[in-house]
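What follows is a single structure, written as structure tokens, with notes after it.
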Amino acid sequence: MDTLLLWVSVLASLLEAFAQTDLTGKVFVFPRESSTDHVTLTTHLEKPLQNFTLCFQAYSDLSRSYSLFSYNAQGKDNELLIFKENVGVYTLYIGRTKVTAKAAEDFPSPAHICASWESSSGIAEFWVNGKPLVRKGLRQGYSVEAHPKIVLGQEQDFYGGGFDRQQSFVGEIGELYMWDSVLSRKEILDVFHGSPVPKPNILDWRALNYEIKGYVIIKPLVWD
């Protein structure tokens, strides 16, 4: 009986650590600067990515640079990274190569951000608050490695670690979705306006598999 209770306790702990739930109307709050606090997102991505679209909401009053979305593969850091350099200045890394796009933004204010990339052309797009930024090109013909470690709140210098508090995110992140295709203009605007869109097949905020590490809190969304 003691062994059974032990296994029940272990199972309960695992279920608590790796929650899969509908987070609609909620956000991850990262309340402090740190080199430890983060959220790991789990996806069963078995094949390299030739295309993707990632959309999410973020709200921060940081004036320094910080990581918004960090995707590393084994032995490959900055395989897919979205980094905010400054107010209105967004950087996308693919395979350790980067492009930067600039948006007109109020500070501080919530932002709805979409980023996409197409291997065949190398074209990368940013959309901020429903408006497209100037398109750039990088890594034409490249494939983003599968079996990733995906982290919110920190920038990975190696697979699942190597965090720097000066690159950490302080603020709130919500409504995160990721597809293995490049969404059309209409679909991007539908995401921005909260209208029905193709079901996300990599990451889905309505059925998210995540693990919280450190001081990160889930709270109701209170901003638009």
Side-chain angles (χ1 to χ4, degrees), residues 18 20 23 28 38-58 67-84 90-101 112-128 132-162 167 169 173-192 197-211:
F18 293 93
Q20 183 173 357
L23 293 176
F28 289 127
H38 66 283
V39 177
T40 299
L41 306 182
T42 301
T43 182
H44 302 292
L45 187 61
E46 303 293 333
K47 296 180 180 179
L49 281 175
Q50 300 291 321
N51 311 281
F52 74 84
T53 303
L54 170 69
C55 294
F56 58 94
Q57 294 178 333
S67 174
L68 283 163
F69 182 90
S70 178
Y71 173 125
N72 274 18
Q74 288 281 8
K76 293 186 175 182
D77 66 312
N78 293 350
E79 184 70 349
L80 195 174
L81 172 67
I82 296 179
F83 201 80
K84 190 163 186 181
Y90 292 89
T91 296
L92 171 66
Y93 285 80
I94 299 290
R96 303 188 73 178
T97 302
K98 70 176 183 176
V99 291
T100 298
H112 184 273
I113 302 154
C114 287
S116 68
W117 174 77
E118 178 183 64
S119 176
S120 62
S121 65
I123 292 298
E125 297 184 17
F126 271 109
W127 294 69
V128 177
L133 309 188
V134 175
R135 287 176 280 199
K136 305 289 176 64
L138 78 166
R139 283 296 204 170
Q140 185 178 11
Y142 187 75
S143 295
V144 174
E145 197 65 59
H147 308 289
K149 179 75 72 174
I150 300 174
V151 170
L152 302 180
Q154 301 286 344
E155 192 272 316
Q156 303 172 77
D157 282 341
F158 56 82
Y159 192 73
Q167 295 178 327
F169 176 77
I173 290 177
E175 293 297 325
L176 188 147
Y177 303 97
M178 189 173 184
W179 297 260
D180 65 357
S181 61
V182 175
L183 298 190
S184 67
R185 175 183 181 275
K186 179 183 181 303
E187 289 168 332
I188 292 283
L189 293 176
D190 284 344
V191 176
F192 174 59
V197 293
K199 181 174 174 57
N201 56 1
I202 299 180
L203 295 169
D204 188 346
W205 196 251
R206 295 161 297 189
L208 197 67
N209 195 331
Y210 64 91
E211 182 182 9

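Note that these values count all heavy atoms, side chains included, but never hydrogens, waters or copies made by symmetry.
No side-chain heavy atom of Val39 sits under 4.5 Å from any side-chain heavy atom of Val151. At least one side-chain heavy atom of Leu152 sits under 4.5 Å from a side-chain heavy atom of Leu176. Side-chain contact between Val182 and Phe52 is absent, with no heavy-atom pair separated by less than 4.5 Å. At least one side-chain heavy atom of Thr53 sits under 4.5 Å from a side-chain heavy atom of Ile188. Considering only heavy atoms from C-beta on, Lys136 comes within 4.5 Å of Val134 through its side chain. Considering only heavy atoms from C-beta on, Phe83 comes within 4.5 Å of Gln167 through its side chain. Between Pro200 and Met178, the closest side-chain pair of non-hydrogen atoms is not below 4.5 Å.
The aromatic rings of Tyr90 and Phe126 lie tilted to each other, with the angle between the two planes from 30° to 60°. Relative ring orientation between Phe28 and Tyr210 is described as perpendicular, the plane-to-plane angle rising above 60° on a 0-90° scale split at 30° and 60°.
Of the residues Glu46, Lys47, Gln74, the one that meets the side-chain contact (heavy atoms from CB on, under 4.5 Å) test with His147 is Glu46.
More than 12 non-hydrogen atoms from other residues, nucleotides or ligands lie less than 6.0 angstrom from CZ of Arg206.
Not a single donor-acceptor pair under 3.5 Å links the side chain of Trp117 to the backbone N or O of Gln50. Side chain of Ser119 to backbone of Tyr142: a donor-acceptor contact under 3.5 angstrom is found. Listed for the Asp190 side chain is no donor-acceptor partner under 3.5 Å among the backbone atoms of Val197.
Considering CD1 of Ile113 and CD of Glu175, their distance stands at 13.5 Å, rounded to 0.5 Å.
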Dump the intermediate steps for side-chain contact (heavy atoms from CB on, under 4.5 Å) on Cys55 and His112, then the final yes or no.
-> CA-CA 7 Å; Cys55 294; His112 184 273; 4.3 Å; yes
